[in-house]
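Report on the following structure.
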Amino acid sequence: MATSAMKAPKGAIHEALKAVKIAVVGTGNVGSSTAYGLLLGGLAAEIVLVDINKPRAEGEAMDLSHASPFSHATRVRAGGYQDCAGASVVVIAAGINQKPGQSRMDLVHANVAIFKTIIPEIVRYAPDTILLVATNPVDILTYVTWKLSGFPTHRVIGSGTALDTARFRFEIGRYYGVNPESVHADIIGEHGDTELPVWSLSSISGMHLPDYCRHAGIQYDQKALTTCFTNTKNAAYEIIKRKGWTNYGVATALTRIVETILRDEDTLLPVSMVGKFAGVEGVALSVPCKVTRLGVFHTFTLKLSPEEESELRMSAESLKLVLKQVEPHLTQGLGL
Ligand code: NAD
């Protein structure tokens with residue numbers, strides 16, 4: 001999950017990235033931190049910030065521009081939807097965020113209403129772009145974005161469980177005292193309360209966790225690992241209780257996804273896309289997907305244990321239930 005572009009030496013922008021424009025719609029905590037990650041990564045020649053609160057977008061653009069002499073010669077400016085024209089990727093972080101005690105699903109109606117106004121505008125000016133959704137509940141809004149945009153599924157990506165997976169690897173790495181980069185363990189399903197860990201495929205340097213423990217001479221303790229997952233699942237609630245929002249983790253995940261697209265990496269990332277999961281069709285959720293210059297693709301079926309398969313189905317079904325409430329509202333006033 002390391003962001004190699006953020007480690008790249010100053011001035012080492014790949015030739016092909018010199019003409020790249022990225023737009024960020026919604027420049028609050030998440031959007032502005034993502035723009036900062038993109039700037040430090042040297043991932044684009046131009047970053048355009050769009051927000052209903054124009055002074056906020058202008059202020060963020062001014063502030064970020066002052067970081068460019070220390071990082072990369074990226075032009076950062078505030079703009080309108082017309083300035084999304086030609087953007088390779090449009091990151092969408094517009095909408096309301098969770099208040100302490102709220103779940104992501106509590107945001108669904110307000111954020112769907114916002115997306116009904118912004119997605120047609122983005123599509124009008126950037127019909128060939130890739131849409132990368134961060135706004136919560138992200139799986140529902142990834143589906144809604146796909147529906148409102150009329151784009152093929154591969155050009156609509158939700159950040160999904162990329163962040164949860166990073167949190168999970170961090171927790172497992174901390175528990176075993178190894179660098180999280182050596183941990184391969186994914187969270188799949190909803191980015192939210194029904195997400196699940198794929199224990200059956202989790203490994204450290206290619207060794208399944210019980211094998212790793214045997215070779216490292218330590219006791220395998222499933223209870224401690226369950227705590228790693230609980231900490232992962234509750235991380236947003238715990239952070240929001242303390243500071244009011246989350247931004248750095250998700251911004252780094254979004255930066256990494258954009259990097260994967262722009263560099264055409266073929267990296268497998270747990271991100272959200274519309275498809276059929278555990279027999280449930282027409283939902284968006286996360287499983288490891290191949291991310292390329294063209295967007296996101298399901299290229300294989302994850303071999304899950306029967307329990308994991310059933311948990312994934314439950315996660316998909318719970319999202320489908322929400323979509324059944326949301327779907328009738330998507331056609332109103334849009335001529336769809
Ligand atoms: P924020 O309130 O700081 O920023 C939201 C921004 O959206 C504001 O600047 C606001 O003016 C703008 N906005 C609202 N309506 C708009 C519209 N119609 N057009 C354009 N801009 C509009 O919120 P935040 O903390 O940055 O969170 C943004 C979203 O990201 C929330 O839904 C939050 O839950 C979500 N989030 C997702 C993840 C993830 O992993 N996917 C992680 C953290 C937060």
Side-chain angles (χ1 to χ4, degrees), residues 1 23-37 48-61 63 78-81 83-84 90-122 125 131-145 148 156-168 187 189-193 195 232-240 243-258 269-273 284-286:
M1 303 284 285
V24 179
V25 177
T27 58
N29 304 308
V30 174
S32 60
S33 304
T34 303
Y36 185 54
V48 176
L49 305 181
V50 182
D51 200 290
I52 199 168
N53 179 348
K54 192 121 198 280
R56 172 74 192 249
E58 285 169 356
E60 295 293 354
D63 200 359
Y81 287 105
D83 299 298
C84 294
V90 178
V91 180
I92 309 172
I96 57 164
N97 59 10
Q98 289 165 265
K99 303 294 167 283
Q102 271 189 319
S103 87
R104 295 175 179 94
M105 280 302 172
D106 292 331
L107 313 175
V108 70
H109 294 296
N111 284 342
V112 167
I114 289 172
F115 271 45
K116 282 175 72 173
T117 67
I118 66 178
I119 301 300
E121 285 300 299
I122 298 170
Y125 292 104
L131 300 169
L132 174 54
V133 180
T135 305
N136 277 320
V138 71
D139 302 292
I140 300 296
L141 288 165
T142 300
Y143 181 91
V144 165
T145 299
L148 294 175
V156 181
I157 310 176
S159 62
T161 56
L163 171 60
D164 314 72
T165 295
R167 287 173 172 158
F168 191 45
I187 299 291
E190 176 196 3
H191 168 60
D193 297 339
E195 67 188 27
T232 299
K233 195 159 95 166
N234 294 338
Y237 292 115
E238 292 299 325
I239 297 167
I240 289 167
K243 65 176 257 192
W245 62 84
T246 69
N247 56 319
Y248 299 119
V250 63
T252 312
L254 290 163
T255 302
R256 180 72 186 101
I257 297 166
V258 172
L269 293 173
V271 289
S272 190
M273 74 175 291
L285 57 71
S286 295

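Read the numbers this way: they start at 1 and go in the same order the structure lists the ligands and their atoms. Note: hydrogens, waters and symmetry copies are ignored here, and every other heavy atom, side chains too, is used.
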- Item | Minimum heavy-atom distance between Val144 and Val112, given as atom pair plus value | CG2-CG2, 4.2 Å
- Message: Out of all atoms in ligand 1, which are within 4.0 Å of some heavy atom of Ser159? Include the element for each.
- Response: 39 (C), 40 (O), 41 (N)
- Query: Looking at CG of Asp164 and NZ of Lys233, how far apart are the two atoms once the value is rounded to the nearest 0.5 Å?
  - Reply: 11.0 Å
- Find all atoms of ligand 1 within a distance of less than 4.0 Å from any non-hydrogen atom belonging to Asn111, and give their numbers and elements. 32 (O)
- Item | Proximity to ligand 1 by part of Arg104, non-hydrogen separation under 4.0 Å | neither
- Message: Using only atom types and a distance under 3.5 Å, with no angle test, would you say the side chain of Thr161 pairs donor to acceptor with the backbone of Ile187?
- Response: yes
- Looking at Thr142 and Val133, what are the two nearest heavy atoms and their distance? OG1-CB, 4.0 Å
- Query: Counting heavy atoms only, which of Leu163, Val133, Asn97 comes nearest to atom 2 (O) of ligand 1?
  - Reply: Asn97
- Do me a favour and list the nearest non-hydrogen protein atom to atom 26 (O) of ligand 1 with residue, atom name and distance? Val30 N, 2.8 Å
- For Asn53, atoms of ligand 1 separated by under 4.0 Å from a heavy atom: 11 (O)
- ligand 1 contacted by Tyr248 (non-hydrogen, < 4.0 Å): no
- Query: Which of the listed options, Leu107, Ile114, Val50, Thr142, holds the heavy atom that is closest to atom 18 (N) of ligand 1?
  - Reply: Ile114
- Message: Does only the side chain of Asn247 get under 4.0 Å from ligand 1, or the backbone, or both, or neither? Count heavy atoms.
- Response: neither
- Shortest protein heavy-atom distance from atom 5 (C) of ligand 1, along with the residue and atom involved: Gly95 O, 3.2 Å
- What residues form a salt bridge (charged side-chain N to carboxylate O under 4.0 Å, His left out) with Glu195, not counting sequence neighbours? none
- Note on the structure: Of Ile96, Asp164, Thr135, Val250, the one whose closest heavy atom lies nearest atom 31 (C) of ligand 1 is Ile96
- Please write down residue, atom name and distance for the protein heavy atom closest to atom 41 (N) of ligand 1. Ala134 O, 2.8 Å
- Quick one: list whatever passes salt bridge (charged side-chain N to carboxylate O under 4.0 Å, His left out) with Glu238, sequence neighbours left out. Lys241, Arg242
- Item | ligand 1 versus Ile118: contacting region, heavy-atom distance under 4.0 Å | side chain
- Query: Short list, please: which atoms of ligand 1 are under 4.0 Å from a heavy atom of Tyr81?
  - Reply: 19 (N), 20 (C)
- Query: In terms of residue, atom name and distance, what is the protein heavy atom nearest to atom 21 (N) of ligand 1?
  - Reply: Ile52 N, 3.3 Å
- Query: What is the distance from atom CG of Asn111 to atom CD1 of Ile140, rounded to the nearest 0.5 Å?
  - Reply: 11.5 Å
- Going by atom types alone, do Asp193 and Tyr237 pair a side-chain donor with an acceptor below 3.5 Å? yes
- Query: What's the shortest heavy-atom distance between Thr27 and Arg56, and which atoms?
  - Reply: O-NE, 3.3 Å
- Message: Below a 4.0 angstrom heavy-atom separation, can you tell me which part of Phe115, side chain or backbone, both or neither, approaches ligand 1?
- Response: neither
- atom 11 (O) of ligand 1 [closest protein heavy-atom partner, distance rounded to 0.1 Å]: Asp51 OD1, 2.5 Å
- Among Ala113, Ser32, Ala93, which one has a heavy atom closest to atom 28 (C) of ligand 1? Ala93
- Message: Checking a contact table here: which protein heavy atom is nearest atom 4 (O) of ligand 1, and how many Å away?
- Response: Gly28 CA, 3.2 Å
- Note on the structure: Output for pair (Ile157 CD1, Ile92 CD1), nearest 0.5 Å, gives 11.0 Å
- Just need the protein heavy atom nearest to atom 36 (N) of ligand 1, so name the residue and atom and give the distance. Asn136 ND2, 3.3 Å
- Task: Grab the two heavy atoms, one from Ala236 and one from Arg104, that are nearest each other, plus how far apart they are.
- Result: CB-NH2, 3.3 Å
- On a heavy-atom basis, the closest approach of Gly28 and Ser32 is O-OG, 2.6 Å
- Note on the structure: All heavy atoms of Val25 vs all of Cys84, minimum pair found to be CG2-SG, 4.4 Å
- Give the residue and atom name of whichever protein heavy atom lies nearest to atom 43 (C) of ligand 1, and the separation in Å to one decimal. Thr246 OG1, 3.1 Å
